[in-house]
Amino acid sequence: MPNPIKYNKKFDELNEEEKELLEINKKTIADFVEQSPSISDINYATRNAHAKTYAVAKGRFCVDPNIPETLKIFFDKEKFDLMIRFSNAQLKIRNSKKDIPAYGFAVQIKDENGGLLANYPLVNFPLFPVNSVSTFLKLFTAINRFYIKKWSSLFSLAGQMIKVLPSVLTGSFMKNVLKLISKRNDFILSFDYHSVGAYRLGDHMMKIKLKPRSVDKNTGKKQNIQNALKDYFQTHDFSADVLIQLCYDLENQPINKLNVEWKNSPFIKIGEIKIDRESLLDPRDCNSELLSFNPFESKSIFQPVGKIQKLRDEAYKVSVQTRRKINKLLHGKKTEL
């Protein structure tokens, strides 16, 4: 294989139009979070994506002993402690038995002193529907306004969704949509999980894939997801292979084209994630909702790469700041619910 391409901050740079649209979008994020207690009919302000927490667990990342020599510099211990959050991607929390199968598997990696090394919010769909930053910002702004203003924003939302259609009608995207539909009733832990966008690995750039081992897809068929996870971890350990792809050329491994899968970059196993039985945290403990999985809080050598990823940085900041403000007003103390 050729040498991996080195990270360059130009991969992240927005143009002036994109910056202007981002400022508009940040205002709608703040408005959404401010109104999220009434939107979801709960007594705290939520995240503006992946608002619903299914469970939080402690785990560990065990480094593969056969990891390539060039990668050992990043993994200087045999294992690392993890905090893991299982979630649903919807903006609104719904108390229903059946959720859309858009799941999150967020991983927080800690050093030997308990300090943060990296956050990786992974999802069970490998692609992103939009490549254009401007199109994405207009769509996300329309979605936020729809939740806030409902029917008065419906036509605006519909118009933006139509503009997205060309980027989702690719062979790679449609193949994964059909795969997701076929697995829509499968257990949350039986899915593969993906970083979607690229991340730095020192001077290199990578994508991440989590592949569970020996999980019965029919687990918890008649239960809601929270109860299915609780019952599973009462009697089962969980493990998943952690695989990465490196970026060698931008034609086959594009950084800012997220609606196609990377080609001609072999998966490299770097280790396993392990969660022992009875490792779920108490769901009644509010500290579970205080956790932040912002990937831009990671060490710089592990941070996200790309223009769409850059938008997430600004969105996280606005969301957290607004949640802190609203939850302080609601509960009389500083929180990050």
Side-chain angles (χ1 to χ4, degrees), residues 1-13 59-84 105-123 126-128 172 192-213 239-258 260-275 293-310 312-313:
M1 296 295 293
N3 292 325
I5 291 177
K6 288 189 175 182
Y7 166 74
N8 189 309
K9 64 181 182 181
K10 290 183 178 180
F11 288 121
D12 309 330
E13 292 177 353
R60 62 192 183 279
F61 171 58
C62 301
V63 178
D64 192 292
N66 299 314
I67 190 171
E69 285 292 330
T70 54
L71 301 181
K72 287 184 177 179
I73 186 175
F74 305 109
F75 309 100
D76 56 354
K77 296 197 308 173
E78 291 184 358
K79 61 181 181 179
F80 297 82
D81 290 333
L82 306 177
M83 194 67 74
I84 298 162
F105 190 120
V107 179
Q108 183 178 92
I109 307 176
K110 300 180 180 180
D111 62 23
E112 63 271 16
N113 299 315
L116 176 66
L117 282 177
N119 285 322
Y120 295 112
L122 310 177
V123 294
L127 305 176
F128 195 73
S172 192
D192 293 344
Y193 286 86
H194 311 265
S195 62
V196 183
Y199 285 78
R200 290 184 62 183
L201 185 61
D203 288 333
H204 305 322
M205 296 174 287
M206 66 172 179
K207 280 192 175 185
I208 305 168
K209 180 178 179 180
L210 198 66
K211 193 170 186 63
R213 307 177 69 180
S239 65
D241 291 337
V242 181
L243 311 169
I244 66 169
Q245 291 175 289
L246 296 176
C247 178
Y248 298 100
D249 73 83
L250 295 177
E251 181 178 352
N252 287 304
Q253 301 102 39
I255 297 300
N256 282 311
K257 190 175 181 182
L258 303 185
V260 295
E261 295 174 279
W262 279 10
K263 300 182 296 183
N264 300 329
S265 176
F267 283 101
I268 303 168
K269 181 179 177 180
I270 61 171
E272 295 180 25
I273 284 180
K274 296 180 180 291
I275 305 173
F293 292 89
N294 181 354
F296 288 92
E297 294 173 354
S298 304
K299 301 292 185 183
S300 60
I301 60 172
F302 300 122
Q303 287 197 2
V305 180
K307 299 175 76 168
I308 295 288
Q309 296 272 60
K310 180 62 178 176
R312 296 170 66 184
D313 183 20

Give the minimum heavy-atom separation between [X] and [Y], together with the two atoms involved.
{"X": "A118", "Y": "F302", "result": "CB-CB, 3.9 Å"}
{"X": "Q303", "Y": "S298", "result": "NE2-O, 2.9 Å"}
{"X": "Q309", "Y": "P304", "result": "NE2-CB, 3.6 Å"}

Got a second to check how far [X]'s [atom1] is from [Y]'s [atom2], nearest 0.5 Å?
{"X": "L82", "Y": "K274", "atom1": "CG", "atom2": "NZ", "result": "12.0 Å"}
{"X": "N294", "Y": "D313", "atom1": "CG", "atom2": "CG", "result": "6.5 Å"}
{"X": "H194", "Y": "L122", "atom1": "NE2", "atom2": "CG", "result": "9.0 Å"}
{"X": "K72", "Y": "I67", "atom1": "NZ", "atom2": "CD1", "result": "8.0 Å"}

Does one side chain, of S172 or E261, offer a donor that lies under 3.5 Å from an acceptor on the other? yes
I'd like to know whether F11 forms a side chain to side chain contact (heavy atoms under 4.5 Å, CB included) with L250, so could you lay out the CA-CA distance, the side-chain angles of the two residues, the decisive distance to 0.1 Å, and finally the verdict. CA-CA 11 Å; F11 288 121; L250 295 177; 3.9 Å; yes
With side chain to side chain contact (heavy atoms under 4.5 Å, CB included) as the test, would you mind laying out the steps for V63 and K77 before giving the verdict? CA-CA 7 Å; V63 178; K77 296 197 308 173; over 6 Å; no
Quiz: residues 198-212 side-chain donor-acceptor pairs under 3.5 angstrom, not counting sequence neighbours:
unit_1: R200; atom_1: NE; unit_2: G202; atom_2: O; d: 3.1
unit_1: R200; atom_1: NH1; unit_2: S300; atom_2: O; d: 3.4
unit_1: R200; atom_1: NH2; unit_2: G202; atom_2: O; d: 3.2
unit_1: K207; atom_1: NZ; unit_2: V196; atom_2: O; d: 3.1
unit_1: K211; atom_1: NZ; unit_2: D192; atom_2: OD2; d: 3.4

Determine whether F75 and D64 make a side-chain contact, defined as any pair of heavy atoms from C-beta on separated by less than 4.5 Å. no
Heavy-atom distance under 4.5 Å between the side chains of C247 and S265, does that happen here? no
Tell me which donor-acceptor pairs under 3.5 Å the side chains of residues 107-117 have, and how far apart each pair is, sequence neighbours excluded?
unit_1: Q108; atom_1: NE2; unit_2: N119; atom_2: OD1; d: 3.4
unit_1: Q108; atom_1: NE2; unit_2: S292; atom_2: O; d: 2.9
unit_1: D111; atom_1: OD1; unit_2: N113; atom_2: N; d: 2.9
unit_1: D111; atom_1: OD1; unit_2: G114; atom_2: N; d: 3.0
unit_1: D111; atom_1: OD1; unit_2: G115; atom_2: N; d: 2.7

May I ask you to say whether K310 pairs ionically with D12, meaning some side-chain N is under 4.0 Å from a carboxylate O? no
Basic-acidic side-chain contact under 4.0 Å: E13, K10: no
Evaluate the side chain to side chain contact (heavy atoms under 4.5 Å, CB included) criterion for residues T70 and F74: first the C-alpha distance (whole Å), next the side-chain angles of each, then the deciding distance (0.1 Å), finally the verdict. CA-CA 9 Å; T70 54; F74 305 109; over 6 Å; no
Within the distance-only criterion (no hydrogens, no angle test), does the side chain of W262 pair as donor or acceptor with the backbone N or O of P254 below 3.5 angstrom? yes
Any donor-acceptor pair under 3.5 Å linking the side chain of E272 with the backbone of V242? no
For E78, is the CD atom crowded, meaning more than 12 foreign heavy atoms sit under 6.0 Å from it? no
Test side chain to side chain contact (heavy atoms under 4.5 Å, CB included) on I268 and I244 and set out the steps. CA-CA 5 Å; I268 303 168; I244 66 169; 4.1 Å; yes
Parallel, tilted or perpendicular: ring planes of Y193 versus F105, cut at 30 and 60 degrees: tilted
